[in-house]
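Here's the structure, in C-alpha cells; my notes come after.
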Amino acid sequence: MDYEVFSAAVRRLSPVQDEAAIRCWKDFVDECVEHEQFVGFEATGDAHSEAGRWLEALHAGFCAVKESFSQEVMDALIGLSRESCCLYPGEMIQAAVCLENGVNARQIQVLMETGFLDADAPFSLIPRAEAERQMADRGIIPKSALERGKEKLYRTEYPKTAPGKNGERTGDDMTGWKTQAEVAAIRKRYPAGSRIELDYMNEQGMTPGLKGIVKSVDDAGQLHMIWENGRSLALVPGADRFHRLPEPQAGKEAGKETEAEEMEQ
C-alpha cells in the first residue's frame, strides 16, 4: 500500500480527518522504518516496501476499530496523530476502549509512555472483549463498564475493597484518571520531600513498612518515589496503599536532607 492509497482509505473510514492528521501517521511510519522497527520485527525488503507494510498494518487496525466501535471513537483514534499519539496496530483496540470510556488524548499519551497499552504482539489485533478486560484489570476503565457500557472514569474516593484474589491489582481496587483539581490536591497533600510508608503494593520486593521520599507527582496523580531499597517505582493512589509519615522535629531537618541524599545514592 502506498501513501496515496492509504490516505484515501483513511478518509473513507473517517471523513473528518484532514491531510495533516493523516500525514502524521505517514511520518510515524517513516520514523519506525528509519529506526528499523519493521512489521513483525522482520525486514523483508527495502525501506519503501517496509513502509507499505506498515501502512497496510495501520489500515487493518483502523478497520478493526471501525467494525467494533462508533464513528466518534473511530474519528478520535485516527485524530490521536495530531497529539503525537500514533499507535501500533496491537494497541488500537485497547486505545479505542479507553476513548469510548472518556479517556482523552493527553491521557492516552500517558498510557502509552507508561506501558499500559502495551500488547504482547504489537502487530496483532485482539478482540474488543479481551481489550476491555485488560483495561479494566489495569484500572483504566471501571469493572462496571464491562456490564453497563460507557461510563465516566473519574473517581475521587480511594477504594474500600481489599486487593483481588492472590493480591493482584484489579479494576475494583485501582483509581481512575484524576481531574486537574484532584491532581492538585494530591500534590498539596504529598509535596516533594514527603516521607511515605508503604502499606501494600502488588510488586515483588515492595513490602509493607518500606519507606521512601516523594520526588514529584505527575499529571496522572502518581507519586514518583525514592525508596530506601534503591527502587524508584511510582505509587498509584487507589491501587497502592500507603500513608504519609510525620515530619521530623525542627532539630532533625538536616537529617531529613541526609536521608534523601542517601536514598538517591
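Predicted model, so just to flag it, every value in this text is computed and none were measured.
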Are [X] and [Y] side-chain neighbours, meaning at least one heavy-atom pair lies under 4.5 Å?
X	Y	answer
Met135	Cys98	yes
Leu58	Pro89	yes
Pro191	Arg187	no
Leu99	Leu80	yes
Pro208	Arg241	no
Leu235	Gln222	no
Asn229	Met206	yes
His224	Val217	no

With no hydrogens and no angle check, is any side-chain donor or acceptor of [X] less than 3.5 Å from a backbone partner on [Y]?
X	Y	result
Glu228	Lys211	yes
Trp25	Leu55	no
Gln17	Asp75	yes
Arg195	Pro246	yes

Provide the closest heavy-atom pair for [X] versus [Y] in the form atom of the first, atom of the second, distance.
X	Y	result
Leu13	Met74	O-CG, 3.8 Å
Ile196	Tyr190	CD1-CD2, 3.6 Å
Ile186	Pro237	CD1-CG, 4.2 Å
Met92	Leu87	CE-O, 3.9 Å
Ser81	Cys86	CB-SG, 3.8 Å
Ala96	Val65	CB-CG1, 4.1 Å

Side chain to side chain contact (heavy atoms under 4.5 Å, CB included) between Thr207 and Leu198, intermediate numbers included
CA-CA 7 Å; Thr207 56; Leu198 185 65; over 6 Å; no

Walk me through it: do Glu19 and Lys26 pass the test salt bridge (Lys or Arg N to Asp or Glu O under 4.0 Å)?
CA-CA 11 Å; Glu19 178 62 24; Lys26 175 61 165 58; over 6 Å; no

Test side chain to side chain contact (heavy atoms under 4.5 Å, CB included) applied to Phe6 and Phe62, step by step:
CA-CA 11 Å; Phe6 173 79; Phe62 296 156; 3.8 Å; yes

Ion pair present between [X] and [Y], side-chain N to carboxylate O less than 4.0 angstrom?
X	Y	answer
Arg244	Glu197	no
Arg128	Glu100	yes
Arg53	Glu56	no

Please report the C-alpha distance between Arg11 and Ile22 in whole Å, then the side-chain angles of each, then the deciding distance to 0.1 Å, and finally whether the side chain to side chain contact (heavy atoms under 4.5 Å, CB included) criterion is met.
CA-CA 9 Å; Arg11 289 181 186 278; Ile22 301 173; 3.7 Å; yes

Supply the atom-to-atom distance [X] [atom1] to [Y] [atom2], rounded to the nearest 0.5 angstrom.
X	Y	atom1	atom2	answer
Leu210	Glu203	CG	CD	11.5 Å
Leu77	Cys85	CG	SG	10.0 Å
Gln109	Asn104	CD	CG	10.5 Å
Arg189	Ser194	CZ	OG	10.5 Å

Please, which pairs that meet side chain to side chain donor-acceptor pair (under 3.5 Å) have at least one residue in residues 83-99, sequence neighbours excluded?
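Residue pairs with at least one partner in residues 83-99: Gln37-Tyr88.
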
Among the clusters formed by ILVMFWY side chains lying less than 4.5 Å apart, do Leu233 and Leu245 turn up in the same one?
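No, no single cluster joins them.
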
Does the Lys NZ or Arg CZ of Arg23 fall within the cation-pi geometry relative to Tyr3 - under 6.0 Å from the ring centre and within 45° of the axis?
yes

Just checking, any donor-acceptor pair under 3.5 angstrom between side chains of Ser7 and Glu4?
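Note: Ser7 and Glu4 side chains miss the donor-acceptor criterion.
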
Quick one, Phe28 with Trp54, criterion ring-ring contact (aromatic ring centres under 6.0 Å, His included). Give me CA distance, side-chain angles, the key distance, then yes/no.
CA-CA 10 Å; Phe28 169 68; Trp54 258 104; 5.5 Å; yes

His243 atom NE2: more than 12 heavy-atom contacts under 6.0 Å
yes

For Ile108 and Leu117, what are the C-alpha separation, side-chain angles and deciding distance, and is it a side chain to side chain contact (heavy atoms under 4.5 Å, CB included)?
CA-CA 9 Å; Ile108 290 287; Leu117 293 184; 4.3 Å; yes

